[in-house]
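Only one structure is covered here, and it is reproduced in the block below.
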Protein chains: 2
Amino acid sequence: MIRLLLVDDEHLIRGAVAALLALEPDIDVVAQVADGPAALSAARALRPDVAVLDLEMPGMDGVSLAEALRAELPDTRVVIVTRHARPGVLRRALSAGVLGFVPKTAQAQSLADVVRQAHAGRRYVDPGLATEALLVGECPLTPRELDVLREARDGAAVSAIARKLNLSAGTVRNYLSSAMSKLDAETRFEAARRAWELGWL
Amino acid sequence: MIRLLLVDDEHLIRGAVAALLALEPDIDVVAQVADGPAALSAARALRPDVAVLDLEMPGMDGVSLAEALRAELPDTRVVIVTRHARPGVLRRALSAGVLGFVPKTAQAQSLADVVRQAHAGRRYVDPGLATEALLVGECPLTPRELDVLREARDGAAVSAIARKLNLSAGTVRNYLSSAMSKLDAETRFEAARRAWELGWL
DNA sequence: CGCCACCGATGACATCTGTCATGGGTGCAC
DNA sequence: GTGCACCCATGACAGATGTCATCGGTGGCG
């Protein structure tokens with residue numbers, strides 16, 4: 001019997017996925033929680049065999065949670081489920097020791113299979129996603145360029161970004177400019193969107 | 001027995017929700033489809049009692065689909081499930097004749113209840129969502145202002161927006177400016193984000 | 001009819017943004 | 001030690017953007 005911890009902030013979806021996995025005779029959903037901290041404490045208390053994490057969560061993102069889980073409970077296998085399967089995120093997840101990576105567009109049946117694979121210590125990554133991730137090279141952006149792009153994501157002005165990062169406005173513009181040229185973008189918003197889609201933000 | 005049509009582009013989630021609803025003895029999921037056109041043809045063929053629609057779908061949005069369903073099959077009750085419950089969207093959905101409106105953060109159990117309410121012809125809207133929608137007034141933006149904001153959403157330049165809408169650059173700037181002042185935004189991106197969050201885009 | 005809201009446009013102006021050259025500082029690798 | 005990449009900053013410049021005043025046209029409403 002595979003003892004499973006389910007983490008997803010959307011209650012309805014979490015319950016639905018639990019119902020789906022409960023149909024499998026060899027899977028036992030021992031706990032469902034809504035956020036990272038709750039997941040950590042539940043994992044500590046219950047020591048599940050497999051943790052299934054939603055990637056998109058307010059507060060802590062799924063990869064960070066996977067890292068924290070792996071650090072504290074190396075025996076718990078981690079499977080990540082995500083809506084938008086961004087290549088760079090897959091890369092980070094794999095190096096964080098995540099065994100399974102499934103987009104929400106995958107067949108419903110496949111989740112249980114991936115859980116079993118992970119439980120057996122085998123890696124499973126959605127094939128289409130894997131090839132896409134191979135086509136996208138390493139991230140060419142420096143840490144600071146990523147910082148300014150993160151702030152630029154939701155339309156902040158240069159002055160606002162500069163204030164938040166304690167930089168001069170000119171420096172912010174320089175970072176944005178170099179990021180834009182690296183990403184072949186016309187505006188910083190396009191650059192930020194591109195970087196996000198590639199999973200670099 | 002309530003005959004139900006399930007529409008969601010995310011296969012995994014769709015299957016999970018189907019599993020959840022299948023647990024209810026009085027609900028029968030007669031079909032699951034991934035997009036608007038498939039939903040319409042399935043509904044024509046099967047004439048389900050209730051259709052459960054995901055709001056966020058590529059191509060056709062959930063409210064438009066609800067309108068189309070209602071126009072063609074007035075007897076099919078519509079329930080909408082959504083991730084981000086934007087007030088303005090709720091307003092549009094209700095005037096489109098949608099009976100149930102549930103955020104994905106709701107209790108898993110509640111979906112089946114809402115389906116039963118809708119089947120009985122009763123309206124059910126998530127209470128927190130309803131009060132939020134009441135607090136947000138009517139949309140103060142003119143159709144053209146909404147147009148330019150829509151185009152501005154993903155970082156297009158003024159000149160690009162002008163080309164796409166067959167307007168002069170100056171006119172676009174005027175619309176953006178007035179929209180920004182109405183929405184109390186510093187940049188057009190902030191304005192577009194705000195308008196979207198309120199469900200006006 | 002006048003009033004008013006909306007549409008579309010123009011011109012002028014201040015500010016913001018993107019680009020480039022240039023500089024100094026740190027730390028790592030050969 | 002000499003590159004080299006990165007960090008942070010400044011100054012200058014062209015072009016984009018936001019604001020404002022103003023104009024003409026359309027159509028609804030009292």
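Chain naming here is simple, since letters A, B, ... match the order of the sequence lines and numbering starts at 1 in each. Computation of the quantities below employed the complete heavy-atom set of this structure, encompassing side-chain atoms and omitting hydrogens, waters and symmetry-equivalent molecules. What you are looking at is a predicted structure, and each value in this text was computed from that prediction instead of being measured.
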For a salt bridge (Lys or Arg N to Asp or Glu O under 4.0 Å) check, start with the C-alpha distance between A/K104 and A/D54, then their side-chain angles and the critical distance, and finish with the verdict.
CA-CA 10 Å; A/K104 284 186 176 169; A/D54 186 4; 3.4 Å; yes
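- Of the possible donor and acceptor atoms, one in the side chain of A/R3 sits under 3.5 Å from a partner among the backbone N and O of A/L46.
- No salt bridge links B/E10 with B/R14; every basic N to acidic carboxylate O contact stays at or beyond 4.0 Å.
- By the 4.5 Å heavy-atom criterion applied to side chains, A/K164 and A/I161 are not counted as neighbours.
- Distances from the side chain of A/A157 to the nucleotides D/dA9, C/dC7, C/dT17 place C/dT17 closest.
- Mapping B/P140 and B/T187 onto DNA chain C via the closest heavy atom, the residue that lands nearer the 5' end is B/P140.
- Rounded to whole Å, the distance from CD on B/E186 to P on C/dT15 is 14 Å.
- Rounded to whole Å, the distance from CG on B/N166 to C1' on C/dC7 is 14 Å.
- Considering only the side chain of B/P143, C/dC7 comes nearest among C/dC7, D/dC6, C/dG18.
- Residues A/I13 and B/R83 are not in side-chain contact: their nearest non-hydrogen atoms beyond the backbone lie 4.5 Å or more apart.
- The side chain of B/R144 lies closest to C/dC7 when the candidates are C/dC7, D/dC8, D/dG18.
- Side-chain atoms of B/R77 never come within 3.5 Å of backbone atoms of B/A120 as a donor-acceptor pair (strictly under, hydrogens ignored).
- Counting to the nearest Å, the C1' atom of D/dA9 and the CD1 atom of A/I161 are 17 Å from each other.
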Pairs: protein N or O with nucleotides 10-14 of chain C N or O, under 3.5 Å:
from	atom 1	to	atom 2	distance (Å)
C/dT10	O4	B/N174	ND2	2.9

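- Regarding B/R188, its CZ atom lies at a distance of 12 Å from the P atom of D/dA16, rounded to whole Å.
- Remark: A/T142 is in phosphate contact with D/dC7, judged by side-chain N or O atoms under 4.0 Å from OP1 or OP2.
- Separating the CG atom of B/L165 from the P atom of C/dG8 is a distance of 9 Å, rounded to the nearest angstrom.
- Between A/L69 and A/L53 there is a side-chain heavy-atom pair separated by less than 4.5 Å.
- Inter-residue side-chain proximity for B/I80 and B/V89 is flagged as unmet; no heavy-atom pair is nearer than 4.5 Å.
- Atom-to-atom, CD of A/E145 to C1' of C/dG18 comes out at 15 Å; the value is rounded to the nearest Å.
- B/Y175 places its OH atom 11 Å from the C1' atom of C/dA5, with the value rounded to the nearest Å.
- The distance from atom NZ of A/K182 to atom P of D/dA5 is 10 Å, rounded to the nearest whole Å.
- Axis deviation across the helix from C/dC1-D/dG30 to C/dC30-D/dG1 amounts to 30°, comparing end segments of five pairs, rounded to 10 degrees.
- Taking 4.5 Å as the limit, some side-chain heavy atom of A/L167 sits within range of a side-chain heavy atom of A/Y175.
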